[in-house]
Amino acid sequence: MKHLFITILLLLPLCRMLAQEREYVIVVHGGAGAMENLEDDKEKSTLYYAALDSALSIGNAILSAGGEGPEAVMAVVNYFENNPLFNAGKGATCTSAGTFELDASIMEGKDLAGEGADWFAKSQGLEIVDNMYFATPKTLKWIEDLKKESKKNGTVGCVVLDKQGNLTAGTSTGGMFKKQWGRVGDSPVIGAGTYADNEGCAVSCTGHGEYFIRHVVAYNLSTRVKLLHQPVGEAADYIIHQELNTKEGNGGLIAVDKKGNFAMPFNSGGMFRGYLYKEKGTGKISKAVGIGKKMKTL
Ligand code: ASP
């Protein structure tokens with residue numbers, strides 16, 4: 001009896017591995033919005049495709065060497081945060097007061113991870129920068145022109161299925177342009193903009209945050225996969241195109257489940273996005289990036 005119990009215990013991780021159809025998967029987004037014309041702008045789209053490609057390569061280097069999801073998600077999100085093309089970290093959009101208030105979160109699917117906060121960062125000896133550190137010549141101009149209507153899309157996110165079979169999700173943003181200072185969007189809210197559960201899926205959202213909070217989008221999707229056994233693509237399409245679209249929630253999401261199935265739906269004109277995965281057995285790597293409706297295979 002004891003032997004049988006031990007054998008079953010030893011087999012459990014193996015069964016979990018068999019369920020995983022791809023060795024690892026990484027999906028990224030760089031925000032959603034009315035960007036359909038960008039796809040045909042050769043100069044600008046080349047910059048975004050290259051940035052999405054670099055983000056995928058950073059994640060790939062970590063995951064292929066056996067690195068775990070949180071390490072890959074943090075490295076990818078940090079890369080986006082330091083790239084002024086995107087609305088996160090340096091280059092983030094500003095509040096109506098002309099300051100920078102950044103939201104971010106990360107979650108592991110095998111158990112709950114904590115949130116970042118200034119006091120925690122300080123207590124851990126992390127470098128704390130001045131608020132204007134996040135400004136670029138472009139955002140300084142926005143601050144000057146605050147009266148004019150303008151928008152920046154480009155929240156960033158990353159979801160990963162690692163070789164160990166674990167799911168991780170992370171999201172980082174400067175929020176909505178000219179947001180009320182003190183506003184907290186969906187991105188740092190676990191369940192709304194970010195969620196990961198190994199039995200459901202890992203999700204990172206981008207779009208009009210208030211609606212993503214109202215529909216608890218990330219948790220909603222993971223729970224549909226976990227409890228209703230809906231395929232991740234079907235459930236994600238339903239939330240983005242039915243639940244949100246009919247109620248004015250503009251945006252999209254990226255998600256991956258424990259088998260390696262992933263989805264990247266959006267109901268806006270476009271969404272900067274990309275995926276990379278390694279097939280089990282053949283070891284073949286597939287990679288593509290997109291802005292508007294089309295995907296570009298790399
Ligand atoms: N979801 C973000 C927020 O509402 C903005 C975005 O993704 O563009 O703060």
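One is the number of the first residue; the rest follow in order along the sequence. Counting starts at 1 for both ligands and their atoms, in listed order.
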Practice task
Evaluate the ring planes of Tyr275 and Phe262, with Trp represented by its six-membered ring, and classify them as parallel (under 30°), tilted (30 to 60°) or perpendicular (over 60°).
Solution key: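 Tyr275 and Phe262: tilted rings.
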Practice task
Examine Leu47 and Phe86 and state if one hydrophobic cluster contains both, with Ile, Leu, Val, Met, Phe, Trp and Tyr joined whenever side-chain heavy atoms are less than 4.5 Å apart.
Solution key: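 Linked, Leu47 and Phe86 end up in one cluster.
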Exercise for the section: Answer with yes or no whether the side chains of Thr136 and Thr139 bring together a donor and an acceptor at under 3.5 Å. Expected result: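 On atom types as modelled, these side chains qualify, holding a pair under 3.5 Å.
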Exercise for the section: Give the single entry among Gly185, Gly207, Gly157 that approaches atom 5 (C) of ligand 1 most closely by any heavy atom. Expected result: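 Minimum heavy-atom distance to atom 5 (C) of ligand 1 goes to Gly207.
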Give the numbers and elements of all ligand 1 atoms closer than 4.0 Å to a heavy atom of [X].
| X | value |
| --- | --- |
| Met176 | 4 (O), 9 (O) |
| Thr206 | 6 (C), 7 (O), 8 (O) |
| Gly175 | 9 (O) |
| Asp186 | 1 (N), 2 (C), 3 (C), 4 (O) |
| Gly209 | 4 (O) |

Handout entry: Min N/O separation Thr155 to ligand 1 under 3.5 Å
Key =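 The answer is yes, given that Thr155 and ligand 1 share an N or O pair closer than 3.5 Å.
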Exercise for the section: Kindly say whether Lys259 contributes a backbone atom to a donor-acceptor pair with the side chain of Arg22 at under 3.5 angstrom? Expected result: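 No.
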Problem - Arg183 heavy atom under 4.0 Å from ligand 1 - result: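 The answer is yes, since Arg183 has a heavy atom less than 4.0 Å from ligand 1.
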Practice task
Examine ligand 1 and decide if any of its atoms is less than 4.0 Å from a heavy atom belonging to Gly193.
Solution key: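 Not so, Gly193 does not reach ligand 1.
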Problem - Option passing salt bridge (charged side-chain N to carboxylate O under 4.0 Å, His left out) with Asp197 (candidates Arg224, Lys110, Lys226) - result: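 Single pass found, and it is Lys226.
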Practice task
Under the side chain to side chain donor-acceptor pair (under 3.5 Å) rule, collect the residues that match up with Thr194, sequence neighbours excluded.
Solution key: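 For Thr194, the residues satisfying side chain to side chain donor-acceptor pair (under 3.5 Å) (neighbours in sequence not counted) are Ser105, Thr171.
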Handout entry: Cationic N near anionic O, under 4.0 Å, Glu210 to Arg183
Key =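 The answer is yes: the pair qualifies as a salt bridge.
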